[in-house]
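A quick write-up on the structure given underneath.
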Amino acid sequence: MNISRIATVLSLIGAAFILYIGLSYLITPETIATGFGLPEWPKGDAVAFMNLKGVRDTASGVLILALLALRQRFALGIVMLVLALIPTGDMLTVLSWNGSTAAAFGIHGLTAVLVALAGGLLIREHNTSNKKVAEPVPAAAVA
């Protein structure tokens, strides 16, 4: 499997995963919230913050799919590197609030690494394809 296919598969898996998470936070936050890794969840009106997470995650998944559909692979690579900051921030938040270390590293940390890997592969793919296009044609081949 070449770099392009690996990057595409990672991007699609990432989009599907984050869409599932986002929609779950919007539709049934009480069932998914416990897996985030924090020791306590908001109650009462503060539960609205779970909707914010749902909107953020859903929009991230749609953004990945939109850039893939438009074949904007280099832009997707940049976006994926930026999106890797979200699970990194989630990991640091869970650790800062005495949440589950396993969830912090196993869910959020691993997600950050995989999203950054996909972004790096997409950028590398772009740089590799540009080098192939930029190679000069030997004079002997023109004659």
Heavy-atom pair with the smallest gap, counting every atom of [X] and [Y]:
| X | Y | result |
| --- | --- | --- |
| L23 | T58 | N-OG1, 3.5 Å |
| I64 | A15 | CG2-CB, 3.7 Å |
| S11 | L68 | CB-CD1, 3.8 Å |
| K53 | F36 | CE-CE1, 3.2 Å |
| I21 | D57 | CG2-OD2, 3.4 Å |
| I107 | G35 | CD1-O, 3.3 Å |

Hphob cluster co-occupancy, [X] + [Y], side-chain heavy atoms under 4.5 angstrom:
| X | Y | answer |
| --- | --- | --- |
| L38 | L52 | no |
| I6 | L83 | no |
| V79 | V62 | yes |
| Y25 | W97 | yes |
| L76 | L10 | no |

Do [X] and [Y] come close enough that some side-chain heavy atom pair is under 4.5 Å?
| X | Y | value |
| --- | --- | --- |
| V115 | I18 | no |
| L122 | I3 | no |
| N2 | R5 | yes |
| T28 | E30 | yes |

Nearest 0.5 Å, what's the [atom1]-[atom2] distance between [X] and [Y]?
| X | Y | atom1 | atom2 | result |
| --- | --- | --- | --- | --- |
| M80 | L114 | CE | CG | 9.0 Å |
| M50 | S24 | CE | OG | 13.0 Å |
| I123 | I78 | CD1 | CD1 | 4.0 Å |
| F105 | T111 | CZ | OG1 | 13.5 Å |

Practice item. Just grab all the salt bridge (Lys or Arg N to Asp or Glu O under 4.0 Å) pairs involving residues 73-94, residues at least two apart or on different chains. Key: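 Salt bridge (Lys or Arg N to Asp or Glu O under 4.0 Å) check on residues 73-94 returns R56-D90, R73-E125.
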Review point. Which of parallel (below 30°), tilted (30 to 60°) and perpendicular (above 60°) describes H126 and F74?
Key: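 If you compare the ring of H126 with that of F74, the planes turn out tilted.
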Check your understanding: Got a sec, which residues hit side-chain contact (heavy atoms from CB on, under 4.5 Å) with L85, two or more places apart in sequence or on another chain?
Key ->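 With sequence neighbours excluded, L85 shows a side-chain contact (heavy atoms from CB on, under 4.5 Å) to no residue whatsoever.
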